[in-house]
Amino acid sequence: MVLLQLDPFLNELTSMFERSTEKGSVWVTLKRSSLQSKVDKNKQKTAGEAIEFRCLIRATDGKKTISTSVGAKDHMRFQASYATILKAHMTSLKKRERKEKKKAVETDKKEWELKKPKKV
């Protein structure tokens with residue numbers, strides 16, 4: 001896994017989306033992280049220092065995995081760029097096929113009424 005800066009990460013994420021347009025998927029995960037070991041965190045807690053948490057973002061297309069770390073200062077700029085990339089590449093999604101519930105329920109009712117014996 002390669003830890004990239006913000007702009008190279010966004011560029012590589014764009015190319016991942018473009019490669020997977022016809023076939024494939026891209027998985028993006030976000031996780032809160034301090035990028036420190038547990039020992040270092042415990043030392044900071046006992047010393048009373050505040051731990052700066054960052055957002056660890058990973059993306060993979062099954063073949064290549066990239067990641068970046070976003071701090072509190074850069075998260076608004078990153079979020080805007082990430083949203084733009086997602087909006088641009090949502091065109092290759094397939095429309096979900098749904099069965100209409102209302103029609104299915106009505107046909108079931110009609111079939112049931114035909115089978116039901118009539119009272120005189």
Side-chain angles (χ1 to χ4, degrees):
M1 180 171 30
V2 181
L3 190 65
L4 301 172
Q5 296 296 322
L6 293 181
D7 292 328
F9 176 83
L10 293 169
N11 292 337
E12 188 62 34
L13 184 64
T14 303
S15 64
M16 274 186 177
F17 277 121
E18 289 171 356
R19 283 193 304 261
S20 67
T21 301
E22 293 298 320
K23 186 177 180 182
S25 300
V26 176
W27 294 272
V28 180
T29 58
L30 292 91
K31 176 182 177 182
R32 186 179 91 156
S33 174
S34 65
L35 297 178
Q36 295 176 344
S37 67
K38 285 188 177 183
V39 174
D40 292 340
K41 286 185 214 175
N42 289 337
K43 285 180 184 177
Q44 283 185 336
K45 282 183 183 177
T46 57
E49 297 176 16
I51 299 172
E52 180 191 350
F53 287 102
R54 302 176 64 81
C55 185
L56 179 64
I57 300 151
R58 296 181 183 135
T60 183
D61 59 357
K63 297 175 184 172
K64 187 173 184 181
T65 302
I66 58 172
S67 62
T68 189
S69 178
V70 180
K73 295 176 185 175
D74 296 330
H75 97 279
M76 289 300 286
R77 183 177 67 89
F78 176 81
Q79 189 68 27
S81 301
Y82 178 63
T84 304
I85 291 170
L86 286 181
K87 287 176 189 173
H89 293 94
M90 289 290 174
T91 57
S92 63
L93 292 176
K94 294 178 185 175
K95 185 78 173 175
R96 185 175 148 191
E97 294 178 16
R98 293 187 175 178
K99 185 174 131 181
E100 291 188 34
K101 278 187 173 181
K102 196 172 189 180
K103 287 184 180 179
V105 170
E106 287 176 7
T107 56
D108 289 343
K109 275 186 178 180
K110 287 179 184 177
E111 288 176 6
W112 184 76
E113 287 175 359
L114 291 173
K115 291 179 183 178
K116 183 173 86 171
K118 294 183 181 180
K119 293 183 181 179
V120 180

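It should be emphasised that the depicted structure is a prediction, and the values quoted were computed from it without experimental measurement.
Under a hydrophobic-cluster definition in which Ile, Leu, Val, Met, Phe, Trp and Tyr are linked whenever side-chain heavy atoms come within less than 4.5 Å, directly or via other members, V70 and L86 are assigned to the same cluster. In the hydrophobic cluster analysis, where Ile, Leu, Val, Met, Phe, Trp and Tyr join through side-chain heavy atoms closer than 4.5 angstrom, M16 is grouped together with M90.
For the pair I57 and L13, the minimum side-chain heavy-atom distance is 4.5 Å or more. Counting heavy atoms from C-beta on, the side chains of S20 and V26 come closer than 4.5 Å.
Taking both residues in full, the closest heavy atoms of L30 and C55 are given as CD2-SG, 3.9 Å, listed atom of the first, atom of the second, then distance. Across all non-hydrogen atoms, the minimal contact from L56 to R58 is CD2-NH2, 3.3 Å. Q5 and P8 get closest at one heavy-atom pair: O-CD, 3.5 Å. The shortest heavy-atom contact between T14 and I85 is OG1-CD1, 3.5 Å. In this structure, S69 and L3 approach most closely via the heavy-atom pair N-CD1, 4.1 Å.
When atom types are taken as modelled, the side chain of T68 and the backbone of L4 share a donor-acceptor pair closer than 3.5 angstrom.
Atoms NZ and CD, from K64 and E12 in turn, are 3.5 Å apart once rounded to the nearest 0.5 Å.
In this structure, F78 and F9 have tilted ring planes: the angle between them lies in the 30° to 60° band.
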